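The chains referred to below are lettered A, B, ... by the order of the sequence lines, with proteins before strands, and numbering in each begins at 1. As the structure is a computational prediction, the values presented were derived from the model and not from experiment.
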Number of protein chains: 2
Amino acid sequence: MDIQLKRGLLDVCVLAAIRDEDSYGYQIIKDMQPYIKMSESTLYTILKRLELSEMLTVRTAEHGGRLRKYYHITEAGIRRIEEFKEDWKEILSIYRFVTKEDTNA
Amino acid sequence: MDIQLKRGLLDVCVLAAIRDEDSYGYQIIKDMQPYIKMSESTLYTILKRLELSEMLTVRTAEHGGRLRKYYHITEAGIRRIEEFKEDWKEILSIYRFVTKEDTNA
DNA sequence: CGCAATACTTCGTGATACGATGTATTACGT
DNA sequence: ACGTAATACATCGTATCACGAAGTATTGCG
């Protein structure tokens, strides 16, 4: 998919991936794989950004002797998803503008 | 609307604005206004980019003593719109992933 | 012992939307 | 005649951001 098209989707996708249950980087990538692919460097950059903007909180936990950083969505993160749903109406109107065939004979 | 969300839409929107009829910068902005707002600097940057990638051709014409640059979509430009329609399927699947409520429990 | 998988991090690069600013002309009100 | 808005296009600098490359470290398997 066009890289520019992905940009607005990535943040909100990551939030959606931790919405129902806390998760960690490696798992998030795997969960999103069927929908949208992203490299590790991209994901960790996004997670850092979402943490800075307080869309999620981080907690470090040990799992099998290895450290994992678990991410938990905040109220602001949930609102961010809601805002995306609002934006979606505009996106749809743009989609119609772009795809509408020229029906003037 | 979220600026990142607009990124993937802008190019294809501009192409859609000249699809049925050649147009020029100032007019394009006005035509797209109801759907998506962009500054002049953004539009002219995009037009330059689309010209470089041969999605459109340019012709300068005089109109009321003033010069106008008219933009004409190419075959590649039309294909670009078709590719967007293909991408749309992926976008929809992402949208569903993001908006689906947690129905477990 | 070596290699894949897991897990996270850092760095540099290229793309790009935008505000600010500039140039020039036409049109309109007073 | 004068000033202001509208039309029309261009350039520059900045901030944001996705990505590949590369690195660190551990677990687990053959």
Contact summary for A:C13 and B:F97, nearest pair of heavy atoms | O-CE2, 3.7 Å

Residues from residues 41-57 of chain B lying under 4.0 Å of DNA chain D - heavy atoms | B:S41, B:Y44, B:K48

Starting at the 5' end of DNA chain C and moving along, which residue's nearest nucleotide shows up first, A:I3 or A:K69?
-> A:K69

Going by heavy atoms closer than 4.0 Å, what residues in residues 70-93 of chain B are next to DNA chain C?
-> none

Distance in angstrom units between A:R7 CZ and D:dT16 P, rounded | 12 Å

Is there a side-chain polar atom (N or O) of A:K6 under 4.0 Å from OP1 or OP2 of D:dC17?
-> no

Give the rounded distance in Å between these two atoms: CD of A:Q4 and C1' of D:dC17.
-> 9 Å

If you take all heavy atoms of A:I73 and A:I18, which pair is closest and at what distance?
-> N-CD1, 3.7 Å

B:R19 versus A:K100, closest heavy-atom pair with distance = NH2-O, 3.0 Å

Nucleotide D:dC17, atom C1' - distance to CG of B:L5 in whole Å | 14 Å

Taken in chain and number order and not counting sequence neighbours, the residues that satisfy side chain to side chain contact (heavy atoms under 4.5 Å, CB included) with A:I3 are none

Would you mind writing out the side-chain donor-acceptor pairs for residues 25-34 of chain B within the sub-3.5 Å range, not counting sequence neighbours?
residue	atom	partner	partner atom	Å
B:Q27	NE2	B:D31	OD1	3.0

Of all residues at least two apart in sequence or in a different chain, which pass the side-chain hydrogen bond (donor to acceptor under 3.5 Å, both in side chains) check with B:D11?
-> B:R49

Restricting to pairs with a member in residues 46-76 of chain A, which pass ring pair (Phe, Tyr, Trp, His ring centres under 6.0 Å), not counting sequence neighbours?
-> A:Y24-A:Y70

Go through A:E83 and A:R80 one step at a time and tell me if the salt bridge (charged side-chain N to carboxylate O under 4.0 Å, His left out) criterion holds.
-> CA-CA 5 Å; A:E83 279 160 29; A:R80 177 74 177 76; 5.1 Å; no

With 3.5 Å as the limit, what N/O pairs link the protein to nucleotides 4-7 of chain D?
residue	atom	partner	partner atom	Å
D:dT7	O2	B:R66	NH1	2.5

Can A:L50 be reached from A:V58 by stepping across I, L, V, M, F, W or Y side chains whose heavy atoms are under 4.5 Å apart?
-> yes

Go through the structure and list residues passing side-chain hydrogen bond (donor to acceptor under 3.5 Å, both in side chains) with B:Y35, not counting sequence neighbours.
-> none

Go through the structure and list residues passing salt bridge (charged side-chain N to carboxylate O under 4.0 Å, His left out) with A:R68, not counting sequence neighbours.
-> none

Could you check how far CG of A:D11 sits from C1' of D:dC19, rounded to whole Å?
-> 15 Å

List in chain and number order the residues that pass salt bridge (charged side-chain N to carboxylate O under 4.0 Å, His left out) with B:D87, two or more places apart in sequence or in another chain; answer none if no residue qualifies.
-> none

DNA chain C: 5'-most and 3'-most nucleotides touching chain A, 4.0 angstrom heavy-atom criterion = C:dT6 to C:dT16

Which residues satisfy the salt bridge (charged side-chain N to carboxylate O under 4.0 Å, His left out) test with B:E51, sequence neighbours excluded?
-> none

